[in-house]
Chemist: 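Quick one: the structure is below, and I'll ask about it shortly.
Fair warning: this is a prediction, and the values are worked out from it, not measured in the lab.
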Amino acid sequence: MEADYIRIMAESLEKKKDILDRIIELNRQQKFLLQDPNLSPEDFEQNMKFKGELVEQLNFLDDGFEELFGRVRDALNTNREQYAEEIAQMQGLIRDITARTTEIQAQEARNHENAVKKFSSVRSQVRGVRNSQKVVKQYYDNMMSHRGAEAQTIDNKK
């Protein structure tokens, strides 16, 4: 029974590693999206949605792993020699997962910085458009208020 649980735990770690690889790729895509001057909000939102779904899967795998580990902890501690190969395999997977997690954290920090810059730029563009619209409206209102004024002639005589 413990051997089955240990095998399932190793499979869970493999799945987690694969999901982390997919998150790394989505972070790369997000980097390029943030560099695109014609970024559509829908593309960015879709990227974030996919990452959110992957994070949910990670949480599910983590919960399952913790539950299984709780069941086999004592057997692993008492029979370390018997499960040495499986333990070494899982330790290697955990090292790989830790490295990927560190890479993701670095990517997220860079992407966050790029997102702040991007959205700051978008905000200033929106302010510029609003100011332009305001000036156009004032000009239009000004012209409409003088519409009823009588025509004036200029006397060029000295």
Side-chain angles (χ1 to χ4, degrees), residues 1-140:
M1 185 67 110
E2 285 99 14
D4 289 336
Y5 286 157
I6 292 170
R7 182 183 46 78
I8 292 170
M9 288 170 55
E11 288 173 3
S12 174
L13 290 173
E14 287 284 351
K15 288 178 186 176
K16 185 172 182 176
K17 192 172 92 169
D18 292 340
I19 290 172
L20 290 172
D21 285 338
R22 290 169 51 199
I23 290 174
I24 288 170
E25 182 55 35
L26 285 172
N27 279 341
R28 287 185 186 129
Q29 290 173 9
Q30 188 179 59
K31 175 185 173 186
F32 292 119
L33 286 172
L34 289 170
Q35 292 172 347
D36 182 4
N38 301 319
L39 169 67
S40 77
E42 293 80 20
D43 291 342
F44 187 75
E45 187 175 325
Q46 187 69 23
N47 180 280
M48 295 298 291
K49 179 183 171 201
F50 287 151
K51 280 186 1 183
E53 291 169 357
L54 292 174
V55 168
E56 287 178 21
Q57 290 177 23
L58 283 176
N59 290 334
F60 178 75
L61 287 172
D62 283 344
D63 292 344
F65 185 88
E66 289 295 324
E67 183 179 328
L68 288 175
F69 184 70
R71 292 182 185 181
V72 296
R73 177 183 295 129
D74 293 337
L76 286 174
N77 288 333
T78 56
N79 301 319
R80 269 193 149 347
E81 302 81 31
Q82 179 182 353
Y83 298 112
E85 186 177 320
E86 290 88 351
I87 291 171
Q89 177 192 10
M90 284 192 289
Q91 286 174 334
L93 288 169
I94 291 171
R95 278 190 293 276
D96 290 345
I97 288 168
T98 302
R100 283 169 172 76
T101 302
T102 302
E103 182 179 350
I104 288 171
Q105 288 172 340
Q107 285 179 321
E108 289 288 340
R110 285 189 299 269
N111 284 348
H112 175 74
E113 195 174 299
N114 290 338
V116 168
K117 288 177 187 174
K118 178 74 168 184
F119 296 128
S120 174
S121 170
V122 168
R123 268 189 243 110
S124 67
Q125 288 174 354
V126 168
R127 266 193 304 271
V129 168
R130 284 185 185 152
N131 288 340
S132 296
Q133 287 176 338
K134 185 178 176 182
V135 168
V136 168
K137 183 179 180 330
Q138 287 174 346
Y139 174 78
Y140 178 77

Chemist: Please report the interatomic distance NZ(Lys17) to CD1(Ile19), rounded to the nearest 0.5 Å.
Modeler: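 Interatomic distance, Lys17 NZ to Ile19 CD1, rounded to 0.5 Å: 13.0 Å.
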
Chemist: Name every donor-acceptor pair, under 3.5 Å, that has one atom in a side chain of residues 78-94 and the other anywhere in the protein, sequence neighbours excluded.
Modeler:
unit_1 : atom_1 : unit_2 : atom_2 : d
Thr78  : OG1    : Asp74  : O      : 3.0
Thr78  : OG1    : Ala75  : O      : 3.3

Chemist: Which residues pass the salt bridge (Lys or Arg N to Asp or Glu O under 4.0 Å) test with Glu14, not counting sequence neighbours?
Modeler: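 In terms of salt bridge (Lys or Arg N to Asp or Glu O under 4.0 Å), with neighbours along the sequence ignored, Glu14 is linked to no residue.
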
Chemist: Nearest 0.5 Å, what's the CG-NZ distance between Asn111 and Lys31?
Modeler: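 Reported value, rounded in 0.5 Å steps: 8.0 Å.
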
Chemist: Partners of Gln105 by side-chain contact (heavy atoms from CB on, under 4.5 Å), sequence neighbours excluded?
Modeler: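 With neighbours one apart ignored, the set is Thr101.
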
Chemist: Of all the heavy-atom pairs spanning Leu33 and Asn47, show the shortest one and how long it is.
Modeler: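 Here Leu33 and Asn47 meet closest at CD1-CB, 4.0 Å.
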
Chemist: Kindly write out the residues that satisfy salt bridge (Lys or Arg N to Asp or Glu O under 4.0 Å) with Glu67, not counting sequence neighbours, or none if the list is empty.
Modeler: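 Applying salt bridge (Lys or Arg N to Asp or Glu O under 4.0 Å) to Glu67 gives Arg71.
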
Chemist: Mind checking ring pair (Phe, Tyr, Trp, His ring centres under 6.0 Å) for Phe44 and listing every partner two or more places apart, or none if nothing turns up?
Modeler: Phe119

Chemist: Could you work out, with side-chain contact (heavy atoms from CB on, under 4.5 Å) as the rule, every residue matching Phe50, not counting sequence neighbours?
Modeler: Leu26, Gln46, Glu53

Chemist: Residues two or more places apart in sequence or in another chain: which of them pass side chain to side chain donor-acceptor pair (under 3.5 Å) with Asp21?
Modeler: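 Asp21 satisfies side chain to side chain donor-acceptor pair (under 3.5 Å) with Arg100 once adjacent residues are dropped.
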
Chemist: Do Arg7 and Asp4 have side chains that approach each other closer than 4.5 Å (heavy atoms only, starting at C-beta)?
Modeler: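 Answer yes - side chains close enough.
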
Chemist: Taking atom CE of Met9 and atom CG of Leu13, what is their separation to the nearest 0.5 Å?
Modeler: 7.0 Å

Chemist: Under the salt bridge (Lys or Arg N to Asp or Glu O under 4.0 Å) test, which residues partner Asp36, sequence neighbours left out?
Modeler: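 Listed in chain order: nothing, the list is empty.
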
Chemist: Measuring from Gln35:CD to Lys117:NZ, what's the distance to the nearest 0.5 Å?
Modeler: 10.5 Å

Chemist: Under the ring pair (Phe, Tyr, Trp, His ring centres under 6.0 Å) rule, what pairs show up with a residue in residues 53-79, not counting sequence neighbours?
Modeler: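 Sorted result for residues 53-79: empty, none.
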
Chemist: To the nearest 0.5 Å, how far apart are CG in Leu54 and NZ in Lys51?
Modeler: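 So the CG of Leu54 and the NZ of Lys51 are separated by 9.5 Å.
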
Chemist: Can you tell me how far apart CD (Glu11) and CG (Leu68) are? Round to the nearest 0.5 Å.
Modeler: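 So the gap between those two atoms works out to 10.5 Å.
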
Chemist: Has Glu45 got more than 12 heavy atoms of other residues, nucleotides or ligands less than 6.0 Å from its CD?
Modeler: no

Chemist: Sequence neighbours excluded, which residues qualify as side-chain contact (heavy atoms from CB on, under 4.5 Å) partners of Ile104?
Modeler: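 Leu20, Ile23, Ile24, Asn27, Gln107, Glu108.
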
Chemist: Apply side-chain contact (heavy atoms from CB on, under 4.5 Å) to Glu25 and list each qualifying residue two or more places apart in sequence or on a separate chain.
Modeler: Arg28, Gln29

Chemist: Please list, chain by chain and in numerical order, all residues satisfying salt bridge (Lys or Arg N to Asp or Glu O under 4.0 Å) with Lys15, sequence neighbours excluded.
Modeler: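 Not a single residue meets the salt bridge (Lys or Arg N to Asp or Glu O under 4.0 Å) criterion with Lys15.
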
